[in-house]
Amino acid sequence: MRLLLGAVLLGAPVAAGAAAPSVPVRVGTVVREDLPISIGGLGTVQAWRSVTARAQVNGYLTELDFHEGQEVHRGDLLAVVDPRPYAALLAQAEAKKAGDAATLANYQVNYRRDSTLAHDQYASRQQADNDMALVRQFQANVLGDEAAVMQAKLNLAFCRITAPIDGVVGFRLIDVGNLIQNAAQTAIVTIQQVHPIAVVFTLAEQDLPRVQEARARGTLPAAAYSSDEETLLGRGTLVTPNNTIDSTTGTISLKAVFANRQDLLWPGQYVNVRLQLRVQKNAVVVPLEAVQHGPDGLYVYVVRPDHTVHNRSIEVGYQDARVAMVTAGLQGGESIVLDGQSRLQDGTRIAAEPAHA
């Protein structure tokens, strides 16, 4: 948040002989600016898509063609299972198809010849019908052979395990030389898509109507911060709330998507998410540390022209970790005390020190 705080030096220390010394404080200027109104929640970073690569055939693992932590793309080769048994099965299936095709061709010739002879009454109709049955039988055999060839080709292709998505590979889960059993569902490596990446965060169920109302006006921006809310990790947009409120906690989960071009977000990371609902135009904004809590409510110390302070009650309509939006008590342009309030009371003379924005 850009805080337009004016560093103001108010007067000099009280001259010798004054009743009381000036109290050193930091001051800033109340500003008017467009203030994003947001709500926040704790979130967990998740891969946009996550896939565990497994072999679909049995055999010995002969190659691993990736490095741990490597970014891979869809179709990149990850591993190879020994293809020789499956190449032999393909050759066997193709040989059987060729043999059945040759037999089929022979029976088709027989059928045409016997049909002609039967038509001229030089052969029985029964012989022609038998030839037709054999032709149909071997036509079916050839179709079955073609299916077997397709299955053999598919199994041979399965010997090359490729990446189904773009993402970053993790640690390898098996080494070259191990026997892979398809029935055991042996995992080779896990791929996590981190461009883009998702953050799932929670809000109180009471916040859901405000979120839905804001969504009806357009896409909602989201920002992910570190756990101390000081470091911005990425900006994204809200995808959707979950379809169910957790009745045990009274919270609703929401998912946001982030481009994550700098890889500052990583699966499993805890972050604080700020979801922007709207922008309050020309809001009166003060740093949060200026707002004090008293028995009669909230107040700030306003600096008078004579370098004394006045305790002024205010009303706050919104606040986040850095600033507060004042809805009553300030107009903008006033000088207020940011630090050192514990030594002040109404009428105390101050000596201002530079305030850092």
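What you see is a predicted model; the values in this text were computed from it and never measured.
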| task | If you link ILVMFWY side chains whenever their heavy atoms are less than 4.5 Å apart, which other residues fall into the same cluster as Val80? By chain and number, please. | result |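 Grouped by the 4.5 Å side-chain rule, Leu77 form the rest of the cluster around Val80.
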
| task | Please go through Leu288's hydrophobic cluster and name the other residues, only I, L, V, M, F, W, Y counting, with side-chain heavy atoms under 4.5 Å joining them. | result |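 Taking Ile, Leu, Val, Met, Phe, Trp and Tyr as members, Leu288 stands alone, with no cluster partners.
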
List the atom pairs, with distances to 0.1 Å, where a side-chain N or O of residues 202-215 and a protein N or O form a donor-acceptor pair under 3.5 Å, not counting sequence neighbours.
{"residue": "Gln212", "atom": "OE1", "partner": "Arg215", "partner atom": "NH1", "Å": "3.1"}

Under the side chain to side chain donor-acceptor pair (under 3.5 Å) test, residues paired with [X] that sit two or more places apart:
X      : answer
Asp175 : Arg172
Thr308 : Arg304, Asp306
Tyr86  : none
Asp76  : none

Pairs of donor and acceptor atoms involving the side chains of residues 227-241, under 3.5 Å and at least two apart or interchain, shall be tabulated with distances.
{"residue": "Asp228", "atom": "OD1", "partner": "Ser226", "partner atom": "OG", "Å": "2.4"}
{"residue": "Asp228", "atom": "OD1", "partner": "Glu230", "partner atom": "N", "Å": "3.1"}

Value rounded to 0.5 Å, distance of [atom1] in [X] from [atom2] in [Y]:
X      : Y      : atom1 : atom2 : result
Asn155 : Met150 : CG    : CE    : 12.0 Å
Leu330 : Thr327 : CG    : OG1   : 10.0 Å
Thr62  : Asn178 : OG1   : CG    : 12.0 Å
Ile350 : Arg26  : CD1   : CZ    : 12.0 Å
Tyr299 : Asp346 : OH    : CG    : 10.5 Å
Cys159 : Gln56  : SG    : CD    : 10.5 Å

Does any N or O in the side chain of [X] come within less than 3.5 Å of the main-chain N or O of [Y], such that one atom is a donor and the other an acceptor?
X      : Y      : value
Asp82  : Tyr60  : no
Asn58  : Asn182 : yes
Asn260 : Leu265 : yes
Asn106 : Asn110 : no
Glu334 : Gln331 : yes
Gln292 : Glu289 : yes
Tyr107 : Met132 : no

| field | side-chain contact (heavy atoms from CB on, under 4.5 Å) assessment of Lys153 paired with Glu94 | value | CA-CA 10 Å; Lys153 288 181 178 179; Glu94 289 176 336; 4.0 Å; yes

Measure the shortest side-chain to side-chain distance between [X] and [Y] over non-hydrogen atoms and say whether it is less than 4.5 angstrom.
X      : Y      : answer
Val27  : Ile336 : no
Glu63  : Val176 : no
Val199 : Phe258 : yes
Val273 : Val271 : yes
Leu220 : Leu277 : yes
Leu61  : Ile174 : yes
Ile161 : Val81  : yes
Pro221 : Arg274 : no

| task | In sequence, state the C-alpha distance, the side-chain angles, and the governing distance for Thr348 and Gln345, and then conclude on side-chain contact (heavy atoms from CB on, under 4.5 Å). | result | CA-CA 6 Å; Thr348 300; Gln345 58 184 3; 3.3 Å; yes

State, to 0.1 Å, how close [X] and [Y] come at their nearest heavy-atom pair, and which atoms those are.
X      : Y      : answer
Pro196 : Val257 : CB-CG2, 3.6 Å
His67  : Val169 : O-CG2, 3.2 Å
Asp166 : Arg74  : OD1-N, 2.6 Å
Ala55  : Ile180 : CB-CG2, 3.7 Å
Ile197 : Gln46  : CG1-O, 3.2 Å

Would a hydrophobic clustering, with Ile, Leu, Val, Met, Phe, Trp and Tyr connected at side-chain separations under 4.5 Å, put [X] with [Y]?
X      : Y      : answer
Ile245 : Leu275 : yes
Leu154 : Leu78  : yes
Val323 : Ile39  : no
Val316 : Val300 : yes
Trp48  : Ile165 : no

| task | Please lay out, stage by stage, how Leu338 and Val25 fare under the test side-chain contact (heavy atoms from CB on, under 4.5 Å). | result | CA-CA 7 Å; Leu338 304 182; Val25 296; over 6 Å; no

Identify all side-chain donor-acceptor contacts of residues 186-194 below 3.5 Å with residues at least two apart in sequence or on another chain.
{"residue": "Gln192", "atom": "OE1", "partner": "Ser50", "partner atom": "OG", "Å": "3.1"}
{"residue": "Gln193", "atom": "OE1", "partner": "Arg49", "partner atom": "NE", "Å": "2.8"}
{"residue": "Gln193", "atom": "OE1", "partner": "Arg49", "partner atom": "NH2", "Å": "3.3"}
{"residue": "Gln193", "atom": "NE2", "partner": "His195", "partner atom": "O", "Å": "3.3"}

| task | Can you sort out the partners of Ile37 under side-chain contact (heavy atoms from CB on, under 4.5 Å), two or more places apart, ordered by chain and number? | result |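 Only Leu35, Arg278, Gln280, Tyr318, Met325 meet the side-chain contact (heavy atoms from CB on, under 4.5 Å) criterion with Ile37.
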
| field | Set of residues satisfying side-chain contact (heavy atoms from CB on, under 4.5 Å) with respect to Tyr270, sequence neighbours excluded | value |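 Testing Tyr270 for side-chain contact (heavy atoms from CB on, under 4.5 Å), a comparison that skips the adjacent residues, returns Thr44.
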
| query | Looking at Asp320 and Arg322, does any basic side-chain N land under 4.0 Å from a carboxylate oxygen? | reply |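 Here Asp320 does not pair with Arg322 in a salt bridge, since their nearest N and O are not under 4.0 Å apart.
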
Would one find more than 12 heavy atoms of other residues, nucleotides or ligands at under 6.0 Å from atom [atom1] of [X]?
X      : atom1 : answer
Arg160 : CZ    : no
Gln185 : CD    : yes
Arg217 : CZ    : yes

| task | Might you work through the salt bridge (charged side-chain N to carboxylate O under 4.0 Å, His left out) test for Lys281 and Asp34, ending with a clear yes or no? | result | CA-CA 4 Å; Lys281 300 293 184 180; Asp34 295 343; 3.7 Å; yes

| request: Would you sort out whether Ile252 and Asn242 count as a side-chain contact (heavy atoms from CB on, under 4.5 Å), showing the intermediate values? | output: CA-CA 7 Å; Ile252 178 72; Asn242 201 356; 4.3 Å; yes

Under 3.5 Å donor-acceptor pairs involving side-chain atoms of residues 135-149, not counting sequence neighbours:
{"residue": "Asp145", "atom": "OD1", "partner": "Lys96", "partner atom": "NZ", "Å": "3.2"}

| query | Looking only at side chains, do Thr248 and Asp246 share a donor and an acceptor under 3.5 Å apart? | reply |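 Yes, a side-chain donor-acceptor pair sits under 3.5 Å.
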
